[in-house]
Peer 1: 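There's a structure below that I have some questions on.
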Amino acid sequence: LYCNSAVYNEGGHSEDDFVGKHFSKIAPVRARDIPRLMRILNSIVRGKIPKPFEVTYQRKDGTTGWTEVHISLTKVAGKRRLLVIQHDITEHKQAEEKVRKEREFTLSLLKGLADGFATVDREGKQVQVNDQLCRITGYSEKELLGQKPPFKYWAEEGLKEINDAFEKTLKGVEDEYELIFKRKDGERFIAMVSPRATLDSDGNTIFFATIKDITEHKQAEEALRESEERYRALLELGGEVGEAVVMLQDTEQGEGIQTFVSDTWLRITGYSRRGLLGMSFFDLIHSKDREVSLERHHRKMRGEAMPRLFEL
């Protein structure tokens with residue numbers, strides 16, 4: 001019967017597109033929404049006024065908008081009429097959609113992270129974890145979400161260091177920490193934890209951290225350290241008893257290329273280090289023993305067990 005200019009202007013329509021027409025025939029109403037609107041109309045006829053609801057509408061240029069609809073009953077010239085108030089919420093819905101897509105994108109990134117990831121709020125409650133953290137610790141997402149410190153994967157023997165790092169993070173200190181964590185089965189592992197502070201969409205301070213299991217890396221470091229110590233001891237012992245240490249490698253230059261030589265080998269051979277490095281070890285062997293030595297080398301490279309001591 002009547003509509004003000006805001007109703008049709010928001011979609012680029014004219015008054016003639018609305019006044020005097022059944023609601024199902026007006027241009028902005030999309031065909032797929034008609035059954036829902038008919039159900040609402042029927043409930044109004046039965047005396048049930050609906051709560052405010054959202055509905056999409058079609059603009060004249062073909063784009064889609066959103067409106068929030070408030071319906072009430074009123075009387076005009078003694079006759080009952082429906083009063084419909086619409087509030088365009090397109091920008092709000094677009095903002096919601098943008099946030100939703102950004103959240104989905106963020107979640108997809110977190111899901112693909114090779115490291116564990118956790119988010120805690122200002123009170124320290126764990127509000128988000130990714131799949132990798134669950135795999136590293138052995139706990140499910142349900143078991144981890146909502147927890148407050150100490151978290152399930154904090155090892156008792158490392159609580160002091162963990163608590164210190166956690167308190168520093170809550171105070172805004174950004175650093176990296178090597179901490180002892182535990183899996184659900186009780187196995188301990190060394191984690192590199194990198195916490196940071198940020199703001200959520202509501203402007204509240206939250207904290208997140210990446211958690212990387214570096215146990216194998218630390219074990220490799222320890223094995224290398226022990227190997228270097230043994231190697232250093234071997235060199236020192238060799239120097240004391242007059243034994244040389246030589247490292248060989250088969251390369252494009254040839255077989256048994258010397259890649260490391262100790263000082264004792266320099267004294268034994270009379271060559272300089274520069275002269276020996278890059279030279280085949282077998283070039284130093286007397287011609288009568290060279291073939292036997294090469295055969296021994298080939299068998300050793302094939303993994304065959306060979307006597308440790310032999311004369312050349």
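Everything numeric in this text was worked out from a predicted model, so none of it was measured. The figures that follow rest on heavy atoms only: side chains count, while hydrogens, waters and symmetry mates do not.
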Peer 1: Cluster question for you: counting only ILVMFWY and a side-chain heavy-atom cut-off of under 4.5 Å, with indirect links fine, are F282 and V292 together?
Peer 2: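 In one cluster with F282: V292, no.
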
Peer 1: Taking Q126 for its side chain and L144 for its backbone only, find out whether a donor-acceptor pair lies under 3.5 Å.
Peer 2: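 Yes: the side chain of Q126 pairs with the backbone of L144.
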
Peer 1: Please determine if E304 and R302 form a salt bridge, counting it only when a charged side-chain N lies under 4.0 Å from a carboxylate O.
Peer 2: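 Salt bridge between E304 and R302, a charged N being under 4.0 Å from a carboxylate O: yes.
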
Peer 1: First locate atom OG of S280, then atom CD1 of I285, and finally report the distance between them rounded to the nearest 0.5 Å.
Peer 2: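 Here the rounded value is 7.5 Å.
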
Peer 1: Minimum heavy-atom separation for P195 to T169, with atom names?
Peer 2: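 Taking every non-hydrogen atom into account, CG-OG1, 3.2 Å.
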
Peer 1: Can you tell me how far apart NZ (K142) and SG (C134) are? Round to the nearest 0.5 Å.
Peer 2: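 The SG atom of C134 is 13.0 Å from NZ of K142, to the nearest 0.5 Å.
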
Peer 1: Determine whether W66 and V55 fall in the same hydrophobic cluster, where Ile, Leu, Val, Met, Phe, Trp and Tyr are linked whenever their side-chain heavy atoms lie under 4.5 Å apart.
Peer 2: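 No; tracing contacts between hydrophobic side chains, which count when under 4.5 Å, never links both residues.
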
Peer 1: Has E157 got more than 12 heavy atoms of other residues, nucleotides or ligands less than 6.0 Å from its CD?
Peer 2: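 Above 12, so yes.
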
Peer 1: Could you give the distance from OG (S262) to CE (M247), rounded to the nearest 0.5 Å?
Peer 2: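 Here the rounded value is 10.0 Å.
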
Peer 1: Applying side-chain hydrogen bond (donor to acceptor under 3.5 Å, both in side chains), name anything that partners E68, two or more places apart in sequence or on another chain.
Peer 2: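 side-chain hydrogen bond (donor to acceptor under 3.5 Å, both in side chains) list for E68, sorted by chain: H70.
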
Peer 1: Should L266 and V261 be marked as a side chain to side chain contact (heavy atoms under 4.5 Å, CB included) after you check the CA-CA gap, both sets of side-chain angles, and the distance that decides it?
Peer 2: CA-CA 7 Å; L266 304 184; V261 292; 4.0 Å; yes

Peer 1: Grouping I, L, V, M, F, W and Y whenever their side-chain heavy atoms are under 4.5 Å apart, do F166 and F207 come out in a common cluster?
Peer 2: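 Yes; F207 is reachable from F166 via cluster members.
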
Peer 1: Check whether any side-chain heavy atom of P150 lies under 4.5 Å from a side-chain heavy atom of I162, and answer yes or no.
Peer 2: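 Heavy-atom side-chain distance check fails, nothing below 4.5 Å.
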
Peer 1: Is the shortest heavy-atom distance from the side chain of L284 to the side chain of Q258 under 4.5 Å?
Peer 2: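 Yes, close enough: below the 4.5 Å cut-off.
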
Peer 1: Is D164 salt-bridged to K168, going by a charged N under 4.0 Å from an acidic O?
Peer 2: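 Here D164 does not pair with K168 in a salt bridge, since their nearest N and O are not under 4.0 Å apart.
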
Peer 1: Of the non-hydrogen atoms in L133 and A118, which two are nearest, and what is the gap between them?
Peer 2: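 In this case the closest contact between L133 and A118 is CD2-CB, 3.9 Å.
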
Peer 1: I need the D115 CG to Q132 CD distance, nearest 0.5 Å.
Peer 2: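 That separation rounds to 7.0 Å.
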
Peer 1: For F117 and T119, which heavy atoms make the closest approach, and how far apart are they?
Peer 2: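 F117 and T119 have their closest heavy atoms at CE2-OG1, 3.2 Å.
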
Peer 1: If hydrophobic clusters are built by linking Ile, Leu, Val, Met, Phe, Trp and Tyr wherever their side-chain heavy atoms come under 4.5 Å apart, do Y139 and W154 end up in the same one?
Peer 2: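 Yes, Y139 connects to W154 through the hydrophobic network.
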
Peer 1: Quick one: are F281 and W265 in side-chain contact, heavy atoms under 4.5 Å?
Peer 2: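 Yes, their side chains come closer than 4.5 Å.
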
Peer 1: More than 12 heavy atoms of other residues, nucleotides or ligands under 6.0 Å from CD of E91: yes or no?
Peer 2: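 Open.
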
Peer 1: Looking at Q219, H217, R225, which one forms a side chain to side chain donor-acceptor pair (under 3.5 Å) with E221?
Peer 2: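 Single pass found, and it is H217.
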
Peer 1: Just wondering, do V127 and I206 contact through their side chains at under 4.5 Å, heavy atoms?
Peer 2: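 The answer is no, as the side chains (C-beta and beyond) never meet within the 4.5 Å cut-off.
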
Peer 1: Nearest 0.5 Å, please: how far is NZ in K212 from CD1 in I136?
Peer 2: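 The CD1 atom of I136 sits 8.5 Å away from the NZ atom of K212.
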
Peer 1: Ion pair present between D263 and R273, side-chain N to carboxylate O less than 4.0 angstrom?
Peer 2: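 Yes, D263 and R273 are salt-bridged.
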
Peer 1: Given side chains that start at C-beta, do those of E161 and Y177 come closer than 4.5 Å, heavy atoms only?
Peer 2: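 Side chain of E161 against side chain of Y177, heavy atoms only: no contact under 4.5 Å found.
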
Peer 1: Against D213, only a single residue in K218, R183, M192, R135 fulfils side chain to side chain contact (heavy atoms under 4.5 Å, CB included); can you say which?
Peer 2: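 In the set K218, R183, M192, R135, the residue that makes a side chain to side chain contact (heavy atoms under 4.5 Å, CB included) with D213 is R183.
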
Peer 1: With no hydrogens and no angle check, do the side chains of S287 and R290 hold a donor and an acceptor under 3.5 Å apart?
Peer 2: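 Side chains of S287 and R290: no pair found under 3.5 Å.
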
Peer 1: Check the pair T137, F181 against side chain to side chain contact (heavy atoms under 4.5 Å, CB included), reporting the backbone distance first and the verdict last.
Peer 2: CA-CA 8 Å; T137 63; F181 282 177; 5.8 Å; no

Peer 1: Grab the two heavy atoms, one from D88 and one from T67, that are nearest each other, plus how far apart they are.
Peer 2: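 Closest approach of D88 to T67: N-OG1, 4.1 Å.
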
Peer 1: L159 and F189: same hydrophobic cluster, using ILVMFWY side-chain contacts below 4.5 Å?
Peer 2: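 In one cluster: yes.
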
Peer 1: If you compare all heavy atoms of I180 against all heavy atoms of A155, which two are closest, and at what distance to 0.1 Å?
Peer 2: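 Smallest heavy-atom distance, with atoms named: O-CB, 3.4 Å.
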
Peer 1: Indicate yes or no: at least one non-hydrogen side-chain atom of E255 is less than 4.5 angstrom from one of M301.
Peer 2: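 Counting from C-beta outward, E255 and M301 never come under 4.5 Å.
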
Peer 1: Is the shortest heavy-atom distance from the side chain of R296 to the side chain of R299 under 4.5 Å?
Peer 2: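 No - every pair of side-chain heavy atoms lies 4.5 Å or more apart.
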
Peer 1: Would a 4.5 Å heavy-atom cut-off, applied to side chains only, mark V129 and F151 as touching?
Peer 2: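 A side-chain contact is absent here, since even the closest heavy-atom pair is not under 4.5 Å.
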
Peer 1: Work out which heavy atom in D250 is nearest to a heavy atom in G256; give both atom names and the distance.
Peer 2: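 So the minimum-distance heavy-atom pair works out to OD1-N, 2.8 Å.
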
Peer 1: Give a yes or no on whether the backbone of T210 and the side-chain of S194 come within a donor-acceptor separation of less than 3.5 Å.
Peer 2: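 No; zero donor-acceptor contacts below 3.5 Å.
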
Peer 1: Hey, does the side chain of Q147 reach the backbone of K152 with a donor-acceptor pair shorter than 3.5 angstrom?
Peer 2: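 It does hold such a pair.
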
Peer 1: Report the distance from atom CD of Q128 to atom CD of E141, rounding to the nearest 0.5 Å.
Peer 2: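 These two atoms lie 8.5 Å from each other.
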
